[in-house]
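Report on the structure given below.
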Amino acid sequence: MTSPELSLIIPSKDRASILAVTLAKVYQAIQNVNAEVLIINDSKTEEVIVPVEYQDKVRAINNPSSGVASARNLGARHAAAPLLVFMDDDMWVSADNIKATLALHQQYKKEAWCFNLNWVYPPDLQAYVQSTQFGRYLHHYGFDSLEGWCRGLPWDNHKLFATPGITSQYLAIRKVDFEQSGGYNEKFPHAGFEDHEFSQRLAAHSIQPYILPTSVMYHNEADRMNLHAWLARKRRGGETRRVAVELGHKELVYNYGALKGGIYRVVGAVQPLVLGVLSLIPNTKALDKLYFSIMNLLLGTALYTGYQTLPQRK
């Protein structure tokens, strides 16, 4: 067997049902491509078992360290292809997405560029989002699409465009460029600001990220429509932001005044009560503004609480 032209690296941790769907889709997407899939298992309690029918293209590797940054770096070290794609374990890739990825790197093979593809929620998840208060909150603030995540940044729906940073939800980059940049900083304990830090590493080596908005993937966060789990993830995001600050990224410092910090501490102390009040608001769009206001308070509290957690040095 010849060496693959493409290595897809998928870190995963304790999301067996979500990963199973992703794996089925990515395996189908690469049927006509000389590609490999590396599942990097970041769990310390669950094994990743690759179905026999996928084992000609897919293998699982246990991460001896911990954290998505170290998992991605491990995958890159094991990758046999000159072109890497880092994927989250809930991204649904299609054959057209793979074709677009390969075409971009062929067309711009002389450029030090890397590429993100576009993503939105799958249609059934979009429908569910519109039926719930929490879902409408996610949609209102752009959490359900890459364009929404990039709110405030330049965006062009019609053509390839440069962007100041990357997202590792689906990132295609030449292995030589990845190695030149030094890879991801493994001091980050969770997913979050490791992408911000990696974007700066790329910039330091004149590697320019681009977004191709016309090649759209589905982002299957069906298991993350739980408010409590979502807030826990945002708290971990606050932790990774603090890690970034401790590493010298002073542009990420949160300057909480005494009043705002005091409010967040009080809300944190009575969070079950606030969540109880939130659950009593009828599910009608007429009351979304009230629901969104309380949600923003809970979000700010989660970020504040995580940010106050001093990082443990590795």
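As a basis for the values below, the full set of heavy atoms in this structure was taken, side chains included, without hydrogen atoms, waters or symmetry mates.
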* Asked: Do Leu23 and Pro51 have side-chain heavy atoms sitting under 4.5 Å apart?
  -> yes
* To do: Sort and list the pairs that fulfil salt bridge (Lys or Arg N to Asp or Glu O under 4.0 Å) and have at least one residue in residues 190-210, not counting sequence neighbours.
  => Arg72-Glu194, Arg72-Asp195, Glu197-Arg201
* Scan residues 204-215 for pairs that pass salt bridge (Lys or Arg N to Asp or Glu O under 4.0 Å), counting only residues two or more places apart or in two chains. => none
* Of all pairs that satisfy side-chain hydrogen bond (donor to acceptor under 3.5 Å, both in side chains), the ones with a partner from residues 265-282, not counting sequence neighbours -> Arg265-Tyr304
* To do: Apply the test side-chain contact (heavy atoms from CB on, under 4.5 Å) to residues Lys57 and Ile30: give CA-CA distance (whole Å), side-chain angles for both, the deciding distance (0.1 Å), then the verdict.
  => CA-CA 9 Å; Lys57 288 180 176 287; Ile30 61 173; 3.7 Å; yes
* Asked: Is Val216 reachable from Leu102 through a run of hydrophobic residues whose side-chain heavy atoms are each under 4.5 Å from the next?
  -> no
* Classify the side-chain pair Glu239/Gln308 by whether it contains a donor and acceptor separated by less than 3.5 Å. => no
* Asked: Taking only residues at least two apart or on different chains, which pairs with a member in residues 74-87 satisfy side-chain hydrogen bond (donor to acceptor under 3.5 Å, both in side chains)?
  -> none
* To do: Measure the spacing between CG of Asp223 and CD1 of Ile18 and express it to the nearest 0.5 Å.
  => 4.0 Å
* Between Ser215 and Asn97, a side-chain donor and acceptor under 3.5 Å -> yes
* Structure fact -> When every non-hydrogen atom of Gly237 is compared with those of Thr240, the smallest separation belongs to O-OG1, 2.9 Å
* Asked: Are Thr167 and Gln169 close enough that a side-chain donor and a side-chain acceptor fall under 3.5 Å?
  -> yes
* Asked: Can Tyr170 and Asn118 be counted as having a side-chain donor-acceptor contact under 3.5 angstrom?
  -> no
* Structure fact -> Residue pairs meeting side-chain hydrogen bond (donor to acceptor under 3.5 Å, both in side chains), one or both in residues 153-162, sequence neighbours left out, come to Trp155-Asn157
* **Non-hydrogen atoms of Ala80 and Glu36 that approach each other most closely** => N-OE2, 2.7 Å
* **Phe161-Leu104 co-clustered via ILVMFWY side chain contacts under 4.5 Å** => yes
* Are His105 and Phe115 near enough that their ring centres are under 6.0 Å apart? -> yes
* Given the rule that I, L, V, M, F, W and Y join up when any side-chain heavy atoms are under 4.5 Å apart, are Tyr54 and Ile49 in one cluster? -> no
* Asked: If you round to the nearest 0.5 Å, how far is SG of Cys150 from CD1 of Ile211?
  -> 4.0 Å
* **Transitive ILVMFWY side-chain link Leu117 to Tyr218, under 4.5 Å** => no
* Structure fact -> Interatomic distance, NE2@His140 vs CG@Asn296, rounded to 0.5 Å, equals 8.0 Å
* Asked: How many angstroms lie between NE2 in His219 and CG in Leu146, if you round to the nearest 0.5 Å?
  -> 10.0 Å
* Would you check, one step at a time, whether the test salt bridge (Lys or Arg N to Asp or Glu O under 4.0 Å) holds for Arg233 with Glu221? => CA-CA 13 Å; Arg233 287 177 60 213; Glu221 291 194 301; 3.6 Å; yes
* With sequence neighbours excluded, tell me which residues meet salt bridge (Lys or Arg N to Asp or Glu O under 4.0 Å) with Lys44. => Asp42
* Structure fact -> Residue set satisfying side chain to side chain donor-acceptor pair (under 3.5 Å) with Arg235, at least two apart, ordered chain then number -> none
* **Fellow cluster residues of Phe198, listed by chain then number, with links counted only when side-chain atoms sit under 4.5 Å apart** => Ile9, Leu38, Ile40, Ile61, Leu74, Leu84, Phe86, Ile166, Leu171, Ile173, Phe178, Tyr184, Leu202, Ile207
* Side chains of Asp177 and His205: do they bring a donor and an acceptor to under 3.5 Å? -> no
* Asked: Under the 6.0 Å and 45° cation-pi test, does Arg241 pair with Tyr307?
  -> no
* Asked: What residues, two or more places apart in sequence or in another chain, satisfy side chain to side chain donor-acceptor pair (under 3.5 Å) together with Asn220?
  -> none
* Tyr210 vs Cys114 side-chain heavy atoms within contact, under 4.5 Å -> no
* **Nearest heavy atoms of Gln208 and Ala162, plus distance in Å** => NE2-CB, 3.6 Å
* To do: Could you grab the distance from atom OH of Tyr291 to atom CG of Leu280, nearest 0.5 Å is fine?
  => 11.5 Å
Got a list of side-chain donor-acceptor pairs under 3.5 Å for residues 125-134, not counting sequence neighbours?
{"unit_1": "Gln126", "atom_1": "NE2", "unit_2": "Tyr121", "atom_2": "O", "d": "2.5"}
{"unit_1": "Ser131", "atom_1": "OG", "unit_2": "Tyr128", "atom_2": "O", "d": "2.7"}
{"unit_1": "Thr132", "atom_1": "OG1", "unit_2": "Gly135", "atom_2": "N", "d": "2.9"}
{"unit_1": "Gln133", "atom_1": "NE2", "unit_2": "Ile281", "atom_2": "O", "d": "2.8"}
{"unit_1": "Gln133", "atom_1": "NE2", "unit_2": "Pro282", "atom_2": "O", "d": "2.9"}

* **Ring centers of Phe143, Trp149 separated by less than 6.0 Å** => yes
* With sequence neighbours left out, what residues match Asp288 under salt bridge (Lys or Arg N to Asp or Glu O under 4.0 Å)? -> Arg136
* Asked: How long is the gap from CG on Leu298 to CD1 on Ile294, to the nearest 0.5 Å?
  -> 7.5 Å
* Asked: Linking I/L/V/M/F/W/Y whenever their side-chain heavy atoms sit closer than 4.5 Å, directly or via other members, would Val68 and Trp119 fall into one cluster?
  -> no
* Does any non-hydrogen side-chain atom of Ile98 lie less than 4.5 Å from one of Val93? -> yes
* Minimum heavy-atom distance between Asn116 and Gly165, given as atom pair plus value -> OD1-O, 4.3 Å
* With Asn226 via side chain to side chain donor-acceptor pair (under 3.5 Å) - residues at least two apart -> none
